[in-house]
Number of protein chains: 2
Amino acid sequence: MPATVTFRLGTLGALVTERFTARLADLDLKPKHVGVLTALAAGPPASQQELAGLMGVAPSLLVALADHLEAIGAIARTRDAGDRRRMVLTLTARGRKLLAKCGALAQEFDAELTGSLTADQRGQLSDLLGVLAAENGLPT
Amino acid sequence: MPATVTFRLGTLGALVTERFTARLADLDLKPKHVGVLTALAAGPPASQQELAGLMGVAPSLLVALADHLEAIGAIARTRDAGDRRRMVLTLTARGRKLLAKCGALAQEFDAELTGSLTADQRGQLSDLLGVLAAENGLPT
DNA sequence: TATTGTTATACTCTATAACTATA
DNA sequence: TATAGTTATAGAGTATAACAATA
């Protein structure tokens with residue numbers, strides 16, 4: 001078991017998420033909030049339903065995530081003029097700055113995590129994970 | 001963000017865990033149960049406190065995990081004769097068989113997950129993850 | 001008094017279901 | 001009637017705290 005990619009991805013993923021979540025707390029964010037910001041940064045402004053579908057979470061969860069992101073000024077919520085049922089989420093300047101800080105934190109964490117690897121190995125690892133991420137519909 | 005190893009390990013880890021957990025359900029096991037079995041298979045019979053410390057979970061959780069593993073006959077719980085406070089957990093023949101089935105499921109899942117990689121790339125990925133796992137005190 | 005296992009309780013995360021407003 | 005968002009409720013997973021037996 002412990003030698004499988006399945007086991008190693010699962011355990012390392014949990015460990016990385018736990019430690020990175022702790023650092024994210026300084027920015028008043030949790031991983032799913034970063035997921036929303038990342039999705040918004042990657043595409044055009046989107047509705048909550050679209051984002052929920054994209055992230056594979058319940059629409060009701062996206063309400064709570066958007067509530068918080070709006071409260072800290074990271075996103076703006078505007079009602080769609082064409083279809084007044086839809087709430088369109090837009091990344092604010094503050095949201096973009098926050099996301100950039102998340103990226104910096106992640107890069108910092110990357111450096112610590114992969115510190116013992118050669119630059120070549122770091123590149124290989126990142127590439128291989130990128131292939132798997134892309135194949136499984138995760139952001140790239 | 002999405003290009004960092006941190007983000008990719010976190011998201012892929014969650015995805016792999018979710019999908020693998022579903023298959024594990026056929027064996028009436030959850031990931032943490034496999035963690036206990038794996039720890040027991042790796043070393044000598046251990047107490048619940050030792051295992052909880054090793055896995056980084058609360059002792060109270062290990063009670064529930066051991067309850068279930070005992071109920072399905074995967075482990076035996078015997079009171080330590082030298083220190084009657086300790087419950088020593090031992091892998092049974094059935095537990096070993098179950099763990100082997102978990103390994104087979106994981107290898108099967110590995111094949112699907114890394115199907116698009118070359119054999120060389122699969123080896124590289126496994127090795128690199130193994131290095132990170134070892135450095136962070138995870139089973140190898 | 002300290003430690004092992006256990007039980008009771010509470011907290012976090014997230015989903016499902018019911019509800020409101022709009023289409 | 002169907003859909004976007006929201007609110008209410010419930011479930012899974014896990015930790016903390018209180019407790020019992022043994023050291």
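Per chain, numbering begins at 1; letters A, B, ... match sequence-line order. What you see below is based on every heavy atom in this structure, not just the backbone, and it leaves out hydrogens, waters and symmetry mates.
A donor-acceptor pair under 3.5 Å is formed between the side chain of B:Thr92 and the backbone N or O of B:Gly95.
At the phosphate of D:dG13, neither OP1 nor OP2 sits under 4.0 Å from any side-chain N or O atom of B:Lys32. Side-chain N/O atoms of B:Lys30 include one lying less than 4.0 angstrom from OP1 or OP2 on D:dG13.
Summarising the geometry, atom CG belonging to B:Asp110 is positioned 12.0 Å from atom CZ belonging to A:Phe7; distances are rounded to the nearest 0.5 Å. Note: B:His33 NE2 to B:Leu27 CG = 12.0 Å, rounded to the nearest 0.5 Å. Once rounded to the nearest 0.5 Å, the distance linking CZ of A:Arg96 with CG of A:Leu91 reads 5.0 Å. Considering CG of A:Leu89 and OG1 of A:Thr78, their distance stands at 8.0 Å, rounded to 0.5 Å. B:Cys102 contributes atom SG, which lies 10.5 Å from atom CG of B:Asp26 (distance to the nearest 0.5 angstrom).
Scanning residues 44-77 of chain A for heavy-atom distances under 4.0 Å to DNA chain C yields A:Gly56, A:Val57, A:Ala58, A:Ser60, A:Leu61.
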Could you pull out every donor-acceptor pair under 3.5 Å between side chains of residues 41-48 of chain A and any protein atom, sequence neighbours left out?
{"unit_1": "A:Ser47", "atom_1": "OG", "unit_2": "A:Glu50", "atom_2": "N", "d": "3.1"}
{"unit_1": "A:Gln48", "atom_1": "OE1", "unit_2": "A:Arg77", "atom_2": "NE", "d": "3.0"}
{"unit_1": "A:Gln48", "atom_1": "OE1", "unit_2": "A:Arg77", "atom_2": "NH2", "d": "3.1"}

Check nucleotides 18-23 of chain C for protein N or O atoms closer than 3.5 Å to its own N or O atoms and list the pairs.
{"unit_1": "C:dA23", "atom_1": "OP1", "unit_2": "A:Arg84", "atom_2": "N", "d": "2.8"}

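Within a 6.0 Å sphere centred on CD of B:Glu135, heavy atoms belonging to other residues, nucleotides or ligands number more than 12.
Put simply, CD on A:Glu18 is 14 Å from C1' on C:dT12, counting in whole angstrom units.
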